[in-house]
K.L.:
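Pasting in a structure now, in structure tokens, and then I'll have a few things to ask.
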Amino acid sequence: MSCYEITGGRPLSGSLAVHGAKNSVLPILAACLLVPGQCVLHNCPDLSDVSATIDILRLLGCRVDREGDTVTVDASLLSRSDIPDHLMREMRSSVIFLGALLARMGAAELSYPGGCELGPRPIDLHLSALRSLGAEILEEQGVLVCRSGGRPQNRELCLSIPSVGATENAMLAACGCPCQTTILGAAREPEIIDLAGFLRRLGAQIAGAGTSAITIQGGVPLHPAEYRIMGDRIAAATYLCAAAAATGEVELTGVDPDTLTAILACLGEAGCTLHTGPDRMVLASAAPLRGIRPVRTAPYPGFPTDAQAILMAALAGGEGSTLFVENIFDSRYRHVDELRRMGADIQIAGRAAMVTGVGKLHGASLRSTDLRGGAALVVAALAAEGTSQVSGLRHIRRGYQTLDRNLRALGADIRELP
Ligand code: UD1
């Protein structure tokens with residue numbers, strides 16, 4: 001089993017271009033199914049989740065080619081509308097194929113999606129949104145059998161939680177319904193705006209993405225298009241937290257700082273100096289990080305659940321206390337036991353975690369249990385005294401392209417051991 005060996009305590013410095021957003025490219029790849037033609041996507045990160053999505057597209061009959069960070073998807077000829085269980089289990093976002101297949105093929109057959117273990121991750125909102133759009137959905141021995149149907153009529157569907165995945169599924173399915181759909185209580189994440197941007201490039205009529213009411217006029221003929229995926233705000237947050245904890249000065253390009261407002265505010269409060277410009281930010285950190293006001297995860301524009309573990313890892317080796325409250329997922333503190341091995345003082349009570357900075361963490365042998373939790377261990381190890389081994393790289397590779405190489409370029413002592 002390979003692992004990263006990291007010797008902490010080296011300041012980070014230099015400039016890094018952040019790769020395209022995982023949470024954007026996956027639904028956009030699925031959306032390529034809507035067009036009987038060839039779409040070209042730029043800034044596609046090379047991640048295992050992207051490879052798994054491409055495997056699904058190929059299985060459905062698409063021709064997919066990658067050259068550098070450009071992926072071409074030709075969905076002219078689709079041969080099937082079912083996805084086998086082993087591919088569905090690879091990641092959570094495979095569920096987005098439900099809406100895309102319903103829109104293009106009028107049918108979909110797939111099992112429940114996999115993904116990081118963060119506690120229960122139901123898909124009831126996805127299914128009820130699609131049913132509101134007229135889909136018939138049956139469950140037969142763990143397989144969801146879905147057909148589009150119902151009379152085309154203007155519809156309003158309301159999400160009780162602003163679920164990112166359910167909003168995306170509803171947007172894709174609505175493109176295939178020859179009527180007007182309004183999604184109320186929609187997620188407002190930047191990745192939703194990116195998906196709407198791509199769909200509009202295909203010719204879809206969508207208004208309101210980025211607000212909680214999205215309107216889609218479906219049934220409009222779509223045509224092939226070229227699109228550039230937005231930068232990954234969570235990868236950016238990871239590099240910022242690494243520099244904040246390990247000290248130094250790092251410039252990131254390719255990500256809109258406006259998508260990171262909640263994280264930048266926390267890092268500023270913890271004592272970092274920040275400068276931002278269009279698609280660029282610079283963070284400088286000198287002294288140990290200070291404790292900050294409570295960090296409560298919330299749907300966008302609140303503090304992202306995906307950055308909770310990463311910021312916690314940075315603050316655990318700082319000074320002062322910070323209360324974290326995880327409001328999105330039930331079981332998203334699995335990194336805490338690993339951070340404790342490094343000497344972290346973190347007390348968990350239900351959704352809350354009280355972090356008391358211990359000044360400096362020490363190196364340890366660590367295991368990633370999920371994607372962002374794994375990235376958090378890397379952040380902690382970069383700032384810790386001594387050497388750490390972080391195993392479970394398959395989790396990290398789901399969302400970070402060449403994490404070790406990028407950190408080495410910034411001066412970190414990190415290498416992959418077979
Ligand atoms: C969530 C994050 C997203 C992150 C992703 C991976 C939020 C709002 N969403 O997206 O930013 O990139 O995890 O870590 O922070 N829910 C249901 N029923 C459903 C769907 C969701 O109850 O059918 C609940 C979930 O359990 C969760 C909340 O709604 O408590 C938000 O889930 P959702 O946004 O769908 O999660 P992801 O799309 O996986």
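For ligands, and for the atoms within them, numbers begin at 1 and follow the listed sequence.
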K.L.:
Return the option from Asn327, Leu127, Leu125, Ile328 holding the heavy atom at the smallest distance from atom 16 (N) of ligand 1.
P.N.:
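It is Leu125 whose heavy atom sits nearest to atom 16 (N) of ligand 1.
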K.L.:
Applying side-chain hydrogen bond (donor to acceptor under 3.5 Å, both in side chains) to Tyr400 and Arg372, what does each step give before you reach the verdict?
P.N.:
CA-CA 10 Å; Tyr400 296 89; Arg372 305 303 172 186; 3.0 Å; yes
K.L.:
Considering Pro304, Ser93, Pro122, Ala166 one by one, which has a heavy atom nearer to atom 20 (C) of ligand 1 than any of the others?
P.N.:
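Selected option, by shortest heavy-atom distance: Pro122.
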K.L.:
Does a side-chain heavy-atom distance below 4.5 Å link Arg398 with Lys22?
P.N.:
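Side-chain contact under 4.5 Å: yes.
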K.L.:
List ligand 1 atoms under 4.0 Å from Gly165, heavy atoms only on the residue side.
P.N.:
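Under 4.0 Å from Gly165, ligand 1 has these atoms: 35 (O), 38 (O).
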K.L.:
Based purely on interatomic distance, does Arg233 place a nitrogen or oxygen under 3.5 Å from a nitrogen or oxygen of ligand 1?
P.N.:
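No, there is no polar N/O contact under 3.5 Å.
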K.L.:
With heavy-atom distances below 4.0 Å as the criterion, list the atoms of ligand 1 near His126.
P.N.:
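By the 4.0 Å cutoff, the relevant atoms are 20 (C), 23 (O).
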K.L.:
Mind checking whether Tyr4 and Leu407 have side chains closer than 4.5 Å, heavy atoms only?
P.N.:
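Of all side-chain heavy-atom pairs linking Leu407 with Tyr4, none is under 4.5 Å.
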K.L.:
With heavy atoms of Glu189 as the reference, note each atom of ligand 1 found under 4.0 Å away.
P.N.:
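Answer, ordered by atom number: 7 (C), 8 (C).
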K.L.:
Counting heavy atoms only, which of Pro162, Ala307, Ser163 is nearest atom 21 (C) of ligand 1?
P.N.:
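Nearest option to atom 21 (C) of ligand 1, by heavy atoms: Ser163.
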K.L.:
If you measure from atom 10 (O) of ligand 1 to every heavy atom of Leu26, Val164, Thr305, Ile192, which option wins on shortest distance?
P.N.:
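Looking at heavy atoms only, the winner is Val164.
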K.L.:
Determine whether a donor-acceptor pair (N or O, by modelled atom type, separation under 3.5 Å) exists between the side chain of Thr182 and the backbone of Glu156.
P.N.:
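Such a contact is absent between Thr182 side chain and Glu156 backbone.
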K.L.:
If the cut-off is 4.0 Å to any non-hydrogen atom of Arg332, which atoms of ligand 1 fall inside it?
P.N.:
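Those qualifying, in numeric order: 14 (O).
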K.L.:
Which bit of Asp306 is near ligand 1, meaning a heavy atom under 4.0 Å away: side chain, backbone, both or neither?
P.N.:
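The answer is the side chain of Asp306.
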K.L.:
How would you list, by chain and number, every residue that makes a side chain to side chain donor-acceptor pair (under 3.5 Å) with Arg340, sequence neighbours excluded?
P.N.:
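Partners of Arg340 by the side chain to side chain donor-acceptor pair (under 3.5 Å) criterion, ordered by chain and then number, come out as Asp337.
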K.L.:
What atoms of ligand 1 come within less than 4.0 Å of a heavy atom belonging to Phe329?
P.N.:
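Within the 4.0 Å cut-off of Phe329, ligand 1 contributes 1 (C), 13 (O), 27 (C), 36 (O).
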K.L.:
Nearest 0.5 Å, what's the SG-CD1 distance between Cys175 and Ile206?
P.N.:
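Reported to 0.5 Å precision, the distance equals 4.5 Å.
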K.L.:
Please check: side-chain N/O of Asp404 versus main-chain N/O of Ile414, any donor-acceptor pairing under 3.5 Å?
P.N.:
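Side chain of Asp404 to backbone of Ile414, a donor-acceptor pair under 3.5 Å: no, none is there.
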K.L.:
Is it the side chain (CB and beyond), the backbone, both or neither of Arg92 that lies under 4.0 Å from ligand 1, heavy atoms counted?
P.N.:
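Within the 4.0 Å criterion, Arg92 contacts ligand 1 through side-chain atoms alone.
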K.L.:
Side chain of Ser212, backbone of Leu184: donor and acceptor closer than 3.5 Å?
P.N.:
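Not confirmed, Ser212 side chain does not pair with Leu184 backbone.
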